[in-house]
Amino acid sequence: MVVDPVLWHDKRIKSLCKDPKMNLFADIRALVLSDIVAMSKASIIPNGLATNNVTVEPPRDAAHGDMSTNAAMVLAKPTGMKPREIAEALAERLLKDPRIISAEVAGPGFLNLRLSPVVWQGLIAAILGAGTAFGRSNIGQGIKVNIEFVSANPTGPLHVGHTRGAVFGDALASLLDFAGYVVTREYYINDGGAQVDVLARSVYLRYLEAHGQHVAFPDGTYPGDYLIDVGEALKAKVGKLYVGKGEDVWLNDIRSFATDAMMKLIKADLAALGVKMDKFFSEKSLYNTGLIEAALENLRGRGLIYEGVLEPPKGKKPDDWEPRKQTLFRSIEHGDDVDRPVMKSDGSWTYFAPDIAYHYDKVQRGYDLLIDIFGADHGGYVKRMKAAVSALSGGKVPLEIKLTQLVKLFKNGEPFKMSKRSGTFVTLRDVVDQVGSGVTRFHMLTRKNDAQLDFDFDKVLEQSRENPVFYVQYALARVSSVIDKAIEAGVLVDNKTLSESNLSLLINEEELALAVKLAEWPRLVETAARANEPHRIAFYLYDLAGTFHSLWNKGNELPELRFLQDDLVTSQAKIALARACAVVITAGLGILGVEAVKELR
RNA sequence: GGACCGUUAGCUCAGCUGGAUAGAGCGCUGCCCUCCGAAGGCAGAGGCCAGAGGUUCGAAUCCUCUACGGUCCGCCA
């Protein structure tokens with residue numbers, strides 16, 4: 001395929017390539033829609049047809065063309081016309097646009113389009129101009145979204161399970177930010193329940209130990225070594241003050257001392273993974289401040305709180321079950337299966353009550369959308385939480401709950417057993433220290449959040465095509481290597497020079513294929529954001545890297561495909577393509593929170 | 001008893017909110033490297049998308065039921 005270089009100077013095409021977002025699929029869809037309107041004005045088809053379902057997307061098989069649209073099939077039914085008839089009329093009009101060089105009807109009524117190489121060449125210039133902002137979208141329209149994730153109990157360091165939630169939440173946050181949402185990353189500190197009392201007692205034991213006492217750790221306490229330092233620190237702070245004293249004297253003080261220490265630990269863990277929260281919200285701050293009462297009063301005002309007795313759970317009846325009167329939330333009204341208790345029979349709050357108050361607070365802070373990320377073992381909690389938010393916001397604020405499945409650890413292909421007791425307890429820090437945060441993050445995103453994930457300590461470090469982290473980084477390394485060599489050879493490779501270089505020299509099929517893949521990026525960002533699925537970014541990057549490597553490999557046989565040519569002008573055009581690829585990979589890795597490297601060791 | 005998630009090539013998994021002949025990596029088969037761009041590359045075989053119904057121009061995708069696996073099910077968070 002050879003293009004008349006003169007075309008590149010066609011102002012009509014250039015003006016159509018100005019949009020910095022450069023979402024070519026959206027652009028062409030807009031063109032299709034405008035031609036549909038034109039066709040109805042010309043009375044070829046009726047007026048006012050719904051076009052929501054008209055799509056322009058990459059065809060399944062690249063041999064079909066660069067883009068394909070289903071417009072004719074979508075319009076066939078409401079118009080009562082044959083798809084092919086519509087498609088042919090549409091094709092005729094589309095061909096009048098300088099960007100479209102061919103439009104063929106295929107299959108049941110698809111319209112396959114080929115775009116002028118000039119468009120792809122223009123895309124390269126646009127990418128270099130926009131840098132890593134290329135592909136940013138405004139589908140979020142500035143919607144304020146709060147993403148709550150990790151929210152591990154402040155009773156110890158983060159483990160692998162938390163790691164997945166942390167990576168997923170952070171990447172989702174970045175993705176939504178990239179797609180035009182205004183994002184808050186938030187961590188809910190469970191510092192109000194019984195487990196922090198257990199923590200305090202465990203720290204107290206370590207404190208006694210620091211004073212030279214020999215202590216035993218009974219069941220129901222945390223025996224972990226990580227509390228030794230906390231015990232020491234407590235001793236340094238209060239000396240002998242609490243030795244030999246009862247809980248009534250020290251519990252409050254040690255509880256807050258210990259949770260502070262644990263949160264410091266957790267924040268350091270998150271930092272090691274590259275996660276930075278915008279806000280930490282304390283459960284404790286909800287108690288004795290009237291906030292829980294206020295949230296429940298809100299529900300009561302809606303007639304959703306009552307005193308009652310729940311049915312016993314079927315199938316698995318606890319031995320000690322007996323009917324008890326409790327304060328219940330009528331969550332059935334908002335889609336739950338049973339009503340849920342907010343107050344225990346002894347008059348204290350259930351864990352659900354502060355959660356209601358917390359989400360009430362989030363609603364009141366004015367978010368348009370809430371997202372919670374839970375471990376899969378909290379799946380049973382989803383409906384009641386959604387019911388609560390639905391009720392508290394009068395149905396105005398949606399709550400999305402994303403579950404992250406288990407991580408199965410492997411070492412060199414063998415399952416790696418975890419056990420708290422035997423001390424083979426794998427923490428976030430263990431993982432990050434061994435393989436690095438970038439590798440950890442990327443790998444955690446190579447599976448859908450709701451599918452189980454295998455994590456092999458050895459395989460994630462392998463340098464082969466099997467390992468997506470390596471494969472993607474390797475593409476970047478090759479680009480930098482090309483650019484370094486170009487600089488040595490005295491080629492100017494600054495962005496401005498490259499984007500103004502003679503890109504019409506990029507006419508090889510393999511080169512344009514890479515540009516076509518790059519063109520998918522803005523569209524992919526939008527679909528990934530809409531689906532709340534950052535793993536799609538990781539898969540795309542792997543795919544893009546594959547396209548790049550494929551072009552590179554072809555250069556082995558066909559020297560004209562190599563990025564460095566004797567002719568400086570040609571080199572610049574080819575390097576422009578390579579750098580555009582690097583720009584998109586870097587942007588994608590940025591969303592995943594993975595550092596882009598320039599070379600591999 | 002019920003709820004939620006899952007089931008796609010021998011294995012591990014994608015599949016862009018309903019589109020064309022369902023894809024990738026590994027493994028397998030066959031070709032290709034005398035450091036110049038091979039920490040590899042190219043090509044090929046391999047599928048009843050768990051099963052059965054339904055919805056429509058069209059289903060791996062949406063609905064119902066069934067089977068199997070995982071998670072969960074009142075005073076634990």
Side-chain angles (χ1 to χ4, degrees), chain A residues 25 53 55 57-61 63-64 68-70 73-74 76-77 82-83 106-110 112 151-153 155 190 192-196 198 283 309-318 320-324 326 328 336-341 343-352 354-355 375-383 401 403 405-406 446-448 450-454 459 462-468 470-471 474 477-478 481-482 485 520 523-524 526-528 530-531 533 535-536 538-540 542-543 546 549-550 552-557 559 561-564 600:
Chain A
F25 291 90
N53 293 330
T55 60
E57 45 191 21
R60 193 176 289 273
D61 188 340
H64 292 142
S68 82
T69 177
N70 63 355
M73 290 181 292
V74 171
K77 196 178 180 185
K82 288 179 189 161
F110 282 101
N112 289 329
S151 297
N153 290 339
T155 55
N190 291 285
Q195 76 284 353
V196 285
V198 173
E283 176 190 1
V309 178
L310 286 174
E311 293 287 311
K314 285 175 183 153
K316 194 191 130 191
K317 193 172 178 176
D320 59 344
W321 196 90
E322 54 183 88
R324 293 219 170 127
Q326 294 174 288
L328 301 171
D336 204 353
D337 305 314
V338 290
D339 292 339
R340 307 289 179 174
M343 194 181 269
K344 301 177 195 171
S345 52
D346 68 0
S348 63
W349 299 117
T350 64
Y351 54 88
F352 189 34
D355 278 346
D377 54 340
H378 287 60
Y381 202 49
V382 170
K383 281 194 177 178
I401 299 184
L403 302 179
Q405 266 291 353
L406 289 177
T446 55
R447 288 289 174 269
K448 249 188 319 212
D450 56 2
Q452 289 196 2
L453 171 85
D454 291 349
K459 284 189 180 164
E462 247 171 45
Q463 301 199 332
S464 72
R465 179 163 193 167
E466 282 182 71
N467 183 354
F470 164 78
Y471 203 60
Y474 189 30
R478 280 179 157 172
S481 139
V482 162
K485 281 185 186 164
E520 286 178 28
R523 186 174 176 278
L524 185 111
E526 293 187 353
T527 52
R530 259 194 281 267
E533 292 183 345
H535 76 275
R536 292 188 190 209
F539 278 94
Y540 169 79
Y542 182 64
D543 200 21
H549 288 307
S550 168
W552 179 284
N553 291 327
K554 287 214 173 88
N556 289 326
E557 284 180 36
L561 289 181
R562 299 186 180 183
F563 291 99
L564 294 178
L600 301 167

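Lettering follows sequence order; numbering is per chain, from 1. Basis for what follows: all heavy atoms, side chains included, without hydrogens, waters or symmetry-related copies.
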- Query: How far does CG of A:N153 sit from CD of A:Q195, to the nearest 0.5 angstrom?
  - Reply: 4.5 Å

- Message: Could you tell me how far B:rA38 sits from B:rC33 if I compare only their P atoms? Round to whole Å.
- Response: 14 Å

- Query: Base, sugar-phosphate alone, or nothing: which one does A:N70 contact when heavy atoms must sit under 4.0 Å apart?
  - Reply: base

- Give the rounded distance in Å between these two atoms: CG of A:N553 and P of B:rA38. 9 Å

- Task: Determine the Euclidean distance between corresponding P atoms of B:rG6 and B:rC16; express it in Å to zero decimal places.
- Result: 13 Å

- How far does the P atom of B:rA22 sit from the matching atom of B:rC68, given to the nearest Å? 31 Å

- Spatial distance of atom CD1 (A:I401) from atom NZ (A:K383) [nearest 0.5 Å]: 11.5 Å

- Message: Is it the case that the side chains of A:Y540 and A:R536 hold a donor-acceptor pair, with the cut-off being a distance below 3.5 Å and no angle test?
- Response: no

- Under 4.0 angstrom, heavy atoms only, what part of the nucleic acid is A:E283 near: base, sugar-phosphate, or nothing? sugar-phosphate

- Query: Any N or O donor-acceptor pair linking the side chain of A:N112 to the base of B:rA20 at under 3.5 Å?
  - Reply: yes

- Message: Work out how far the C1' atom of B:rA14 is from that of B:rG51, and round it to whole angstrom.
- Response: 23 Å

- So what does A:A76 touch, heavy atoms closer than 4.0 Å: a base, only the sugar-phosphate, or nothing? nothing

